[in-house]
Chemist: 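Sharing a structure, written as structure tokens. Questions coming.
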Amino acid sequence: MISKLAIDAKQASRELGVKTTSEKNEVLRLMAKNLSAGYKTIIRQNEIDINHAQKVGLSNAITDRLLLNQDRIEKMAEGVFQVSKLPDP
């Protein structure tokens, strides 16, 4: 599964590489919007990950870093939005 994700990510990076700055920024703004709008689903799925992490014995420190809540998701969304305002390298 991880190798499939890596292959998909590489393909996506190639596709994004040929997009205009405004197209890339629109994608980033849409990502930020979807993060904010989908926070409940993200949190539900994250609970599954947290439960699994606890079952396999990950430390509380690592589990806490994995834990997502509405505030953390909103901060992620804001970070993605801020990236859309940066100059395209």
Side-chain angles (χ1 to χ4, degrees):
M1 178 169 163
I2 291 178
S3 61
K4 167 105 171 78
L5 289 173
I7 291 167
D8 290 348
K10 187 167 187 147
Q11 179 62 32
S13 73
R14 286 186 191 122
E15 292 173 15
L16 279 174
V18 297
K19 300 291 183 189
T20 66
T21 298
S22 65
E23 288 172 322
K24 288 186 264 186
N25 288 339
E26 182 58 29
V27 167
L28 289 166
R29 286 188 294 271
L30 185 60
M31 286 172 58
K33 179 181 174 184
N34 286 333
L35 276 168
S36 293
Y39 79 91
K40 289 180 183 178
T41 300
I42 294 168
I43 289 171
R44 278 195 303 271
Q45 294 302 310
N46 181 249
E47 287 173 357
I48 294 168
D49 294 338
I50 294 299
N51 288 335
H52 179 73
Q54 291 170 338
K55 285 180 186 172
V56 299
L58 290 180
S59 72
N60 287 340
I62 292 174
T63 303
D64 181 61
R65 285 187 216 126
L66 297 174
L67 181 64
L68 296 175
N69 56 38
Q70 186 175 0
D71 183 58
R72 286 182 176 182
I73 294 168
E74 287 300 326
K75 287 178 181 172
M76 288 172 19
E78 180 58 27
V80 171
F81 181 74
Q82 290 302 321
V83 170
S84 77
K85 294 180 171 185
L86 296 174
D88 196 357

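What you see is a predicted model, and the numbers here were worked out from it, not measured in a lab.
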Chemist: Rounded to the nearest 0.5 Å, what separation is found between the CG atom of D8 and the OG atom of S13?
Modeler: 11.0 Å
Chemist: Would you say L28 ends up clustered with F81 if hydrophobic residues are merged whenever their side chains have heavy atoms under 4.5 Å apart, either directly or through other cluster members?
Modeler: no
Chemist: Can you tell me how far apart OG (S84) and CD (E26) are? Round to the nearest 0.5 Å.
Modeler: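 Going from OG on S84 over to CD on E26, the span is 9.0 Å.
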Chemist: Could you tell me whether the side chain of Q54 reaches within less than 4.5 Å of the side chain of T63, counting heavy atoms only?
Modeler: yes
Chemist: What's the separation between atom CD1 in I48 and atom CD1 in I43, rounded to the nearest 0.5 Å?
Modeler: 13.0 Å
Chemist: Considering all heavy atoms of both residues, which atom of L35 and which atom of M76 are nearest to each other, and what is their separation?
Modeler: CD2-CE, 4.0 Å
Chemist: Can you tell me if S36 and E74 form a side-chain donor-acceptor pair at under 3.5 Å?
Modeler: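 Indeed, the side chains of S36 and E74 share at least one donor-acceptor pair under 3.5 Å.
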Chemist: Which residues end up grouped with I50 if you chain together Ile, Leu, Val, Met, Phe, Trp and Tyr wherever their side-chain heavy atoms are less than 4.5 Å apart?
Modeler: V56, L58, I62, L66, L67
Chemist: Charged N to carboxylate O under 4.0 angstrom, K75 versus E78?
Modeler: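 E78 and K75: not salt-bridged.
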Chemist: State plainly whether the residues D64 and R72 are in salt-bridge range, i.e. N to O under 4.0 Å.
Modeler: yes
Chemist: Side chains of T21 and D88: any donor to acceptor distance under 3.5 Å?
Modeler: yes
Chemist: Is D49 close to H52 at the side-chain level, that is, under 4.5 Å between some pair of heavy atoms?
Modeler: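 Of all side-chain heavy-atom pairs linking D49 with H52, none is under 4.5 Å.
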Chemist: For T20, does its backbone N or O pair with a side-chain atom of E23 as donor and acceptor, under 3.5 Å?
Modeler: yes
Chemist: Can you list the steps and then say if R44 with E47 is a salt bridge (Lys or Arg N to Asp or Glu O under 4.0 Å)?
Modeler: CA-CA 5 Å; R44 278 195 303 271; E47 287 173 357; over 6 Å; no
Chemist: When you compare the side chains of E15 and Q11, does any donor N or O come within less than 3.5 Å of an acceptor on the partner?
Modeler: yes
Chemist: Establish whether M31 and V83 are linked, either directly or via other cluster members, by ILVMFWY side-chain heavy-atom contacts under 4.5 Å.
Modeler: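 Per the 4.5 Å side-chain linkage, M31 and V83 are co-clustered.
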